[in-house]
Student: 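I'd like to ask some things about the structure below.
In this chain, numbering begins with 1 at the start of the sequence shown.
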Amino acid sequence: MIGQLEIRRVLPHRFPMLLLDRVTELVPGRRVTAVKAVTCNEPFYQGLGPDAVAADYAYPRVLLLESWCQSAGLLATWESPEPDALEGRVMLFGSVSGVEYHRPVLPGDVLEHRAAITRVLDDTVIIEGGATVAGEPALTVGLAVLAFRPAGELRPGDPAPALT
């Protein structure tokens with residue numbers, strides 16, 4: 001099992017945006033299974049008042065996808081981590097497609113993310129997978145494209161020449 005120290009060694013994310021608790025299986029260059037426990041102590045639940053209904057406690061879909069993407073990113077960078085986003089290579093999510101949400105995720109649910117590399121092209125990795133809760137599908141990701149770029153190329157610099 002891979003815990004927080006190892007996850008933080010690979011990913012640049014930190015509280016409140018580190019959305020993985022542990023990794024239960026990792027086959028470098030092939031696949032990963034990671035876990036995220038959703039609790040009512042998540043920062044985005046703080047604004048819910050006493051009149052909140054059950055649907056208000058559904059884990060935001062964008063965070064469900066972000067959590068899965070973090071597991072995919074961990075898989076893509078496990079063998080060559082660079083968690084300092086200001087130096088080295090920066091991991092960018094270029095796109096995701098085929099995303100389907102199957103059920104709401106609520107406090108008390110434990111997400112199990114599965115991601116598998118389907119193709120590697122130079123500095124680009126294509127990954128597919130999804131997330132389940134107690135074996136029931138919660139999210140499907142048809143494919144996600146991760147691109148790696150040198151940090152120096154992404155910093156603001158000289159303005160681009162004007163097009164004529």
Student: Looking only at non-hydrogen atoms, find the nearest pair between Ala76 and Ile127 and report the distance.
Tutor: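 Closest pair (atom of Ala76, atom of Ile127, distance): CB-CD1, 4.2 Å.
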Student: Taking all non-hydrogen atoms of both residues, which atom of Pro107 and which atom of Cys40 are closest, and how far apart?
Tutor: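 Looks like CB-N, 3.7 Å.
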Student: Work out which heavy atom in Arg8 is nearest to a heavy atom in Arg14; give both atom names and the distance.
Tutor: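 Closest heavy-atom pair between Arg8 and Arg14: O-NH2, 3.0 Å.
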Student: Could you pull out the closest heavy-atom pair between Trp78 and Pro28, with the gap in Å?
Tutor: CD1-CG, 4.0 Å
Student: Can you tell me how far CG of Leu64 sits from CG of Asp109, rounded to the nearest 0.5 angstrom?
Tutor: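 One gets 10.5 Å once the value is rounded to the nearest 0.5 Å.
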Student: Just list the side-chain donor-acceptor pairs under 3.5 Å for residues 112-122, sequence neighbours left out, or say none.
Tutor:
residue : atom : partner : partner atom : Å
Glu112  : OE1  : Arg114  : NE           : 3.4
Glu112  : OE1  : Arg114  : NH2          : 3.0
His113  : NE2  : Ser67   : OG           : 2.7
Arg114  : NH1  : Thr33   : OG1          : 3.2
Thr118  : OG1  : Ile126  : O            : 3.2

Student: Given side chains that start at C-beta, do those of Arg22 and Gln4 come closer than 4.5 Å, heavy atoms only?
Tutor: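 In short, these two side chains do not touch, never coming nearer than 4.5 Å.
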Student: Same cluster or not: Val145 versus Phe148, using hydrophobic residues (I, L, V, M, F, W, Y) connected whenever any side-chain heavy atoms lie under 4.5 Å apart?
Tutor: no
Student: To the nearest 0.5 angstrom, please state how far the CG atom of Leu20 sits from the CD atom of Gln70.
Tutor: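 Spacing of CG (Leu20) from CD (Gln70) equals 5.0 Å.
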Student: Does any pair with a residue in residues 17-53 pass ring pair (Phe, Tyr, Trp, His ring centres under 6.0 Å), and if so which ones, sequence neighbours excluded?
Tutor: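 Of all non-adjacent pairs touching residues 17-53, those that pass ring pair (Phe, Tyr, Trp, His ring centres under 6.0 Å) are Phe44-Tyr59, Tyr45-Tyr57.
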Student: Of the non-hydrogen atoms in Val96 and Cys69, which two are nearest, and what is the gap between them?
Tutor: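 Closest approach of Val96 to Cys69, heavy atoms only: CG1-SG, 4.3 Å.
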Student: With no hydrogens and no angle check, is any side-chain donor or acceptor of Thr39 less than 3.5 Å from a backbone partner on Asn41?
Tutor: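 Yes; judged by distance alone, with no hydrogens or angles, the pair exists.
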Student: Show every salt bridge (charged side-chain N to carboxylate O under 4.0 Å, His left out) that has at least one partner inside residues 32-61, sequence neighbours left out.
Tutor: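 Applying salt bridge (charged side-chain N to carboxylate O under 4.0 Å, His left out) to every pair that reaches into residues 32-61, excluding sequence neighbours, yields Lys36-Glu42.
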Student: Consider only side-chain heavy atoms of I, L, V, M, F, W and Y, link residues closer than 4.5 Å, and tell whether Leu143 and Leu74 are in one cluster.
Tutor: no
Student: How far apart are the closest heavy atoms of Ala72 and Leu146, and which atoms are they?
Tutor: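 Closest pair (atom of Ala72, atom of Leu146, distance): O-CD2, 4.2 Å.
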Student: Would a single hydrophobic cluster contain both Met17 and Trp68, if residues Ile, Leu, Val, Met, Phe, Trp and Tyr are joined by side-chain heavy-atom contacts under 4.5 Å?
Tutor: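 Linked within one cluster.
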Student: Rounded to the nearest 0.5 Å, what separates atom CG in Leu154 from atom CZ in Arg89?
Tutor: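 These two atoms lie 12.0 Å from each other.
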Student: Show the numbers, then the answer: is there a side chain to side chain contact (heavy atoms under 4.5 Å, CB included) between Glu6 and Met1?
Tutor: CA-CA 10 Å; Glu6 295 91 349; Met1 183 165 14; over 6 Å; no
Student: Please check this pair: side chain of Glu128 against backbone of Thr140, looking for a donor-acceptor N/O pair closer than 3.5 Å.
Tutor: no
Student: Got Asp123 and Arg149 here, is their nearest side-chain heavy-atom distance under 4.5 Å?
Tutor: yes
Student: For the CG atom of Leu19 and the CG atom of Leu11, what is their distance to the nearest 0.5 Å?
Tutor: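 That separation rounds to 10.0 Å.
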Student: Ile7 and Leu26: same hydrophobic cluster, using ILVMFWY side-chain contacts below 4.5 Å?
Tutor: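 As far as the 4.5 Å side-chain criterion goes, Leu26 and Ile7 are connected within one cluster.
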Student: When you measure from the side chain of Glu136 to the backbone N and O of Val133, does any donor-acceptor pair fall under 3.5 Å?
Tutor: no
Student: Under 4.5 Å between side-chain heavy atoms, hopping through other hydrophobics if needed: is there a path connecting Val62 to Leu111?
Tutor: yes
